[in-house]
Amino acid sequence: MMLTVIAFVVALGVLIAVHEYGHYRVAVACGVKVERFSVGFGKALLRWQPKRQHPGQQTEFVIGAFPFGGYVKMLDEREGPVAPEERHRAFNTQPLRSRAAIVAAGPIANLLLAVVLYTAVNWIGVDEPVAKLARPVAASLAEAAGLRGGEHITQAGFDGDLSPVQSFEDLRWRMTRGALDGRDLTLEVAGEGGRPGRQLVLPLSRMEAKDADPQMFRKIGVVAPLTRPEIGEVMAGSAAERSGLRHGDLVLTVGDTPILDGQQLREVIRASIDASGQARTQTWQLQRGGQPLSLEVKPEVREEGATKVARIGAYVGAPPEMVTVRQGVIDGVWRGVVRTWEVSALTVRMMGKMLIGEASIKNLSGPLTIADYAGKSASLGLTQYLVFLALISVSLGVLNLMPLPVLDGGHLMYYLWEGLTGKSVSDAWMERLQRGGVALLLVMMSVALFNDVTRLFG
């Protein structure tokens with residue numbers, strides 16, 4: 001719990017500080033006087049005024065008690081009287097291009113931060129599962145495409161443009177893009193025993209996916225990387241212990257079903273329930289220490305929501321084969337730029353689909369889900385936490401560019417109107433638009449919070 005709180009607060013602090021620093025840095029470059037730079041709202045926990053600042057600046061830096069936001073307070077005639085000798089340094093007196101640059105600088109700073117974070121991850125390297133596939137889910141797109149489990153995917157791409165697949169996570173990202181964009185993904189499978197590889201097409205255009213969730217991958221059929229069907233840690237008093245299963249047992253068959261990988265074994269266990277809702281006792285053929293062994297195993301029935309599933313109370317499946325994904329200096333930067341662009345484009349498309357009803361509003365996440373992911377990613381190590389920060393930074397940058405009156409994108413829309421007509425938006429219309437924007441933003445926040453509660457506690 002403490003790790004989750006610390007990881008969440010650090011993430012908010014970094015992302016907000018970078019966003020506001022973008023506004024601040026460009027404002028100073030444009031000659032605007034910045035009176036306060038604040039990360040957080042409410043009572044000031046810490047405030048200071050550096051002795052060395054840009055000529056003419058006396059900016060006060062503040063860290064507020066509530067970290068859910070921040071602001072840069074600039075000299076502005078609309079917010080109070082401005083001395084005549086300083087009028088040229090007020091925000092509202094700046095030319096249109098300067099005001100637009102200052103407003104756009106915040107979201108752009110978040111996108112640049114994402115590039116830096118993705119680049120750092122590419123340089124540091126991250127251990128990820130090899131792109132070897134477990135047995136596909138029955139009646140899924142992967143099974144229909146001809147995948148049977150055990151395949152090593154070496155290349156993948158859209159419209160015949162294939163590129164190397166570096167890891168299973170890389171393959172999952174490409175499947176996500178294809179499913180949400182409605183595009184078929186071509187896979188190249190490595191040949192075995194010196195035989196040439198083969199190509200097959202994963203027909204993701206048939207899915208009409210609305211949610212980027214685990215159910216989407218179950219429909220695709222590629223849920224997990226290939227793992228040995230091995231029994232891991234056995235819980236005391238569990239069905240596995242009562243049946244005689246031990247750590248390290250290699251499962252060969254369950255009943256009449258040959259077991260090829262850990263994912264398939266998990267699926268078979270979950271489905272070991274008869275028509276009356278009771279767990280079935282089945283004969284398991286094993287290897288223990290290289291010797292064959294037969295055991296009668298009866299799982300326990302557990303309820304997951306409205307569904308009954310069978311469990312044995314043991315970790316199922318050995319760790320997958322791993323590969324270290326690391327890039328060189330130039331490639332690392334380029335891939336950081338490309339990944340930031342891809343995530344930004346996917347975020348924009350998902351927002352557009354939600355607006356027209358082609359994607360579910362369940363994709364909106366709020367602070368509880370972000371905090372949960374912050375803690376989980378931090379527990380997995382530095383690189384996973386940096387990837388999480390990059391993803392949230394992209395989301396923050398894209399969200400702030402949306403044309404909502406209370407966001408940076410809304411102000412850019414005002415400036416677009418001013419540039420096209422030569423007239424600024426009237427105060428009356430500005431007030432109406434601000435009220436509408438606040439109302440819409442509150443609705444979005446309420447939906448996101450509801451999704452959080454449902455996802456975490458429902």
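Remark: the backbone N or O of P258 is paired with a side-chain donor or acceptor of Q264 at under 3.5 angstrom. Not a single donor-acceptor pair under 3.5 Å links the side chain of D170 to the backbone N or O of V165. Side chain of S243 to backbone of A240: no donor-acceptor contact under 3.5 angstrom is found. T59 places a side-chain N or O within donor-acceptor distance of the main-chain N or O of V34, the cut-off being under 3.5 Å. Using modelled atom types, one side-chain atom of D184 and one backbone atom of L204 make a donor-acceptor pair closer than 3.5 Å. With hydrogens and angles disregarded, no donor-acceptor distance shorter than 3.5 Å links the side chain of D159 to the backbone of D161. Between the side chain of D274 and the backbone N or O of R280, no donor-acceptor pair lies under 3.5 Å. Judged by distance alone, the side chain of T253 and the main-chain N or O of D256 form no donor-acceptor pair under 3.5 Å. In this structure, the side chain of E151 engages the main chain of G149 through a donor-acceptor pair within 3.5 Å. The backbone N or O of E143 sits less than 3.5 Å from a side-chain atom of R148, completing a donor-acceptor pair.
Taking both residues in full, the closest heavy atoms of P203 and L141 are given as O-CD1, 3.6 Å, listed atom of the first, atom of the second, then distance. Of all non-hydrogen atoms in G336 and T119, the two that sit nearest each other are CA-OG1, 4.0 Å. Heavy-atom minimum distance, G22 versus A109: CA-CB, 3.9 Å. Closest non-hydrogen pair, V394 versus S344, comes out as CG1-OG, 3.4 Å. The two atoms that bring A7 and A374 nearest to each other are CB-O, 3.5 Å, heavy atoms only. Closest heavy-atom contact between G313 and S238: O-OG, 3.3 Å.
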- prompt: Could you go step by step and tell me if L346 and R349 meet the side-chain contact (heavy atoms from CB on, under 4.5 Å) rule?
  reply: CA-CA 5 Å; L346 184 61; R349 286 196 293 270; 4.1 Å; yes
query: Stepwise, does the side-chain contact (heavy atoms from CB on, under 4.5 Å) test hold for R339 with N122?
result: CA-CA 11 Å; R339 178 51 62 95; N122 292 335; over 6 Å; no
task: Show your reasoning for whether side-chain contact (heavy atoms from CB on, under 4.5 Å) applies to F68 and I16.
output: CA-CA 8 Å; F68 297 99; I16 293 169; 5.9 Å; no
message: Run the side chain to side chain donor-acceptor pair (under 3.5 Å) test on T227 and R266 for me, step by step, so that the C-alpha distance in whole Å, both residues' side-chain angles and the decisive distance to 0.1 Å come before the verdict.
response: CA-CA 11 Å; T227 59; R266 288 190 288 271; 4.6 Å; no
message: Using the rule given for side-chain contact (heavy atoms from CB on, under 4.5 Å), can you reason through V387 versus E169, listing the C-alpha separation, both sets of side-chain angles and the distance that settles it, and then say yes or no?
response: CA-CA 12 Å; V387 170; E169 294 305 319; over 6 Å; no
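Using a 4.5 Å cut-off on side-chain heavy atoms (C-beta onward), Y21 and V39 make no contact. Residues L286 and L245 meet the side-chain proximity criterion, which asks for heavy atoms closer than 4.5 Å. Side-chain contact between I259 and W284 is absent, with no heavy atoms from C-beta onward closer than 4.5 Å. In this structure the side chain of S393 never reaches within 4.5 angstrom of the side chain of V18, judged on heavy atoms. With contacts defined as side-chain heavy-atom distances shorter than 4.5 Å, the pair R218/V223 qualifies. Residues E296 and T283 form a side-chain contact, since some pair of their non-hydrogen atoms from C-beta on lies under 4.5 Å apart. Within the 4.5 Å cutoff, the side chain of Q282 has no heavy atoms near those of the K298 side chain. Two residues are said to be in side-chain contact when any heavy atoms from C-beta on lie closer than 4.5 Å; D181 and F158 fail this criterion.
One distance of note links CZ of R326 with CD of Q166; it measures 12.0 Å at 0.5 Å rounding. Once rounded to the nearest 0.5 Å, the distance linking CG of L185 with CD1 of I153 reads 9.0 Å. Distance check, rounded to the nearest 0.5 Å: OG of S395 to CG of N400 gives 11.0 Å. Rounded to the nearest 0.5 angstrom, W123 CH2 and R335 CZ are separated by 14.5 Å. Here the CD1 atom belonging to I231 is positioned 6.5 Å from the CG atom belonging to D249, to the nearest 0.5 angstrom. Distance check: T340 OG1 to L391 CG gives 10.5 Å after rounding to the nearest 0.5 Å.
In M351, the CE atom is crowded: over 12 heavy atoms of neighbouring residues, nucleotides or ligands sit closer than 6.0 Å. Surrounding CE of M322 are more than 12 heavy atoms belonging to other residues, nucleotides or ligands, all under 6.0 Å away. By the 6.0 Å contact criterion, CZ on R242 is enclosed, its count of non-hydrogen atoms from other residues, nucleotides or ligands being greater than 12. Around the CH2 atom of W334, the shell of radius 6.0 Å holds no more than 12 heavy atoms that belong to other residues, nucleotides or ligands. For CG of L46, the number of neighbouring non-hydrogen atoms (other residues, nucleotides, ligands) closer than 6.0 Å is greater than 12. Other residues, nucleotides and ligands contribute more than 12 heavy atoms inside 6.0 Å of the OH atom of Y71.
Of the charged side-chain nitrogens involved, none lies within less than 4.0 Å of a carboxylate oxygen, so that E300 and R311 do not count as a salt-bridged pair.
Test E20, R25, H19 against H23 for side-chain hydrogen bond (donor to acceptor under 3.5 Å, both in side chains) and you get one pass: H19.
Relative ring orientation between F61 and Y24 is described as perpendicular, the plane-to-plane angle rising above 60° on a 0-90° scale split at 30° and 60°.
Considering only residues two or more places apart in sequence or on other chains, H411 meets the ring pair (Phe, Tyr, Trp, His ring centres under 6.0 Å) condition with Y414. Annotation: side-chain contact (heavy atoms from CB on, under 4.5 Å) contacts of L162 (sequence neighbours excluded): Q155, T186, E188, Q199. Every residue two or more places apart in sequence or in another chain was checked for a ring pair (Phe, Tyr, Trp, His ring centres under 6.0 Å) with F8, and none qualifies.
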